[in-house]
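So the structure is just underneath, and the comments pick up after that.
None of the values given here were measured: they were computed from a predicted structure.
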Amino acid sequence: MFAYNGTDNLVVVVCKSASNANFNLTYYNTSVYYDANPLLYPSLKRGESYREEYADVTNTEKPYDETRERPSVKFWIEYPPTDFEIEEGVAYTRITNAKNINVTYKRSFDSERVDKFQAWFMPFDYTVTAADLEKFTFYKINMIANAEHPGENPESDEVYIFVNPVEAGTVLKGNKPYVYKPKEAVTDYVFSIENTTLLAKTDASVLHTETAQTNYDYYGTYDNTTATAGSPFYYISVNGNICYGTSVTVGPYRWILRATDKDGVSYARPITFIEDEGETTGIKTVESSKQLKAHSYYDLQGRRVEKPAKGLYISGGKKVFIK
């Protein structure tokens, strides 16, 4: 399939290989007529000989009749729709961008999914509305760190994904991972946006982050995506937790997370979401040395800091500013 943008000039070249420039190739044409359907039959005239680089183009069957016969090459020109519905469970197949599209996406959640994280991954920019926030809480992914909750073993392997709630008017970028929580059970809730761009799917990592020990890459799922023992990944389960899978299948419009240890050791560390309180306006201030000793501290790159000085850190799953 060739993705044509509908505006640029389109050149079709028919090329055959030959052992040398003196070898005459034979091209055939068949009796195909124009009709009224969208199939386009281009009129490809025979050009002059270009022996210097290619073989002669000849037609030894019979003279070419441009008024009647056409080469047996046909094209189907498909224009993107004005309205497009993202169907839950149906694969997304676009391989090129399409502009000025009205897009809708319906999602249902039963009571068992309420207040549990769900994966959001859409191939278009979506602006969160006030109506959306009456039914859901949306979060952007902030960072990954080897942070600990108070009282946990400092040598724990647990990893944390820090997420920040967003406000109405926030744009969730297309082909980027986010999470959200339903506040109540909903049936066929419609997310809709007008004049947006449908983005082409991509097989590459859509977000990269890392700790001192491990690289983490997020990938969008545009179709059912299955983990194997040789290609495992993390995913958000039906109960809202991040799980490690070696045989699970994740549906389209979700995201998965692949981890690559920098030291070459391959094992699955437990990963947990941490809901951050927001931007610097929500920072908790540490006031005493006693509090400093109560928790472990990490810089914003996830590196543990033994003696934190003045600045911003992560401690106990929260952003902390030390005076």
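For the pair Arg258 and Tyr219, the distance from NZ or CZ to the six-membered ring centre is under 6.0 Å and the angle to the ring normal is within 45 degrees.
When side chains are defined from C-beta on, Ser247 does not count as touching Thr228, because their heavy atoms never get closer than 4.5 Å. Counting only heavy atoms from C-beta outward, the side chains of Pro177 and Ile141 approach each other to under 4.5 Å. Ile101 is not listed as a side-chain neighbour of Thr82, based on a closest heavy-atom distance of 4.5 Å or more. Side-chain contact between Lys173 and Met122: absent, with no pair of heavy atoms (C-beta onward) separated by less than 4.5 Å. The side-chain heavy atoms of Thr272 and Ile242, taken from C-beta on, include no pair separated by under 4.5 Å. Proximity of Val179 to Ile236: side-chain heavy atoms (C-beta onward) are separated by under 4.5 Å at one or more points. The side-chain heavy atoms of Tyr244 and Ile271, taken from C-beta on, include no pair separated by under 4.5 Å. Considering only heavy atoms from C-beta on, Lys262 comes within 4.5 Å of Asn215 through its side chain.
Atom-to-atom distance recorded for Thr196:OG1 and Lys99:NZ is 11.5 Å, nearest 0.5 angstrom. Note that CE of Met143 is 10.5 Å distant from CG of Asn164, once rounded to the nearest 0.5 Å. For the atom pair CZ (Phe124) and CD1 (Ile193), the distance works out to 7.0 Å, reported to the nearest 0.5 Å. Atom CG of Asn224 sits about 6.5 Å away from atom OG1 of Thr226, to the nearest 0.5 Å. Summarising the geometry, atom CG belonging to Leu257 is positioned 7.5 Å from atom OH belonging to Tyr234; distances are rounded to the nearest 0.5 Å. From Ile274, atom CD1 reaches atom CD1 of Ile144 across 12.5 Å, with rounding to the nearest 0.5 Å.
Across all their heavy atoms, Lys201 and Ile95 have their closest contact at CE-CG2, 4.4 Å. Between Pro123 and Ile86, the closest heavy-atom pair is CG-CD1, 4.1 Å. Taking every heavy atom of both residues into account, Thr246 and Pro232 meet most closely at CG2-CB, 4.0 Å. The minimum heavy-atom distance between Ala168 and Ala130, with the atom names listed, is CB-N, 3.8 Å.
Residues Thr214 and Asp261 bring a donor and an acceptor atom of their side chains to less than 3.5 Å of each other. Side-chain contact of Asp83 with Asn102: a donor-acceptor pair under 3.5 Å is present, judged by distance alone.
For the ring-ring contact (aromatic ring centres under 6.0 Å, His included) with Tyr139, the qualifying choice from Phe117, Tyr178, Tyr180, Phe162 is Phe117, the only one to do so.
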Evaluate side chain to side chain contact (heavy atoms under 4.5 Å, CB included) for Thr221 paired with Ile256, printing each intermediate quantity in order.
-> CA-CA 7 Å; Thr221 61; Ile256 60 174; 3.9 Å; yes

What do the steps show when you test Lys181 against Glu275 for side chain to side chain contact (heavy atoms under 4.5 Å, CB included), and what is the final call?
-> CA-CA 12 Å; Lys181 287 182 178 180; Glu275 296 182 44; 2.5 Å; yes

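Salt bridge status for Arg113 with Glu184: absent, with no side-chain N to carboxylate O gap under 4.0 Å. Classification of Arg254 and Glu88 as a salt-bridged pair holds, one side-chain N sitting under 4.0 Å from a carboxylate O. The pair Lys106-Glu87 fails the salt-bridge criterion, with no side-chain N (NZ, NE, NH1 or NH2) lying under 4.0 Å from an Asp/Glu carboxylate O.
The hydrophobic cluster containing Leu207 does not contain Phe233, counting ILVMFWY residues as joined when their side-chain heavy atoms lie under 4.5 angstrom apart, directly or transitively. Linking Ile, Leu, Val, Met, Phe, Trp and Tyr whenever their side-chain heavy atoms come within less than 4.5 Å puts Leu198 and Leu172 in one cluster. Under a hydrophobic-cluster definition in which Ile, Leu, Val, Met, Phe, Trp and Tyr are linked whenever side-chain heavy atoms come within less than 4.5 Å, directly or via other members, Tyr222 and Tyr235 are assigned to different clusters.
The ring of Tyr126 has its center closer than 6.0 angstrom to the ring center of Trp120. Ring centroids of Phe121 and Trp255 are separated by 6.0 Å or more, keeping the two rings apart.
Dense packing is recorded around CG of Asn239, with more than 12 heavy atoms of other residues, nucleotides or ligands lying under 6.0 Å away.
Using the six-membered ring where Trp is involved, Phe136 and Phe191 have ring planes that are tilted, between 30° and 60° apart.
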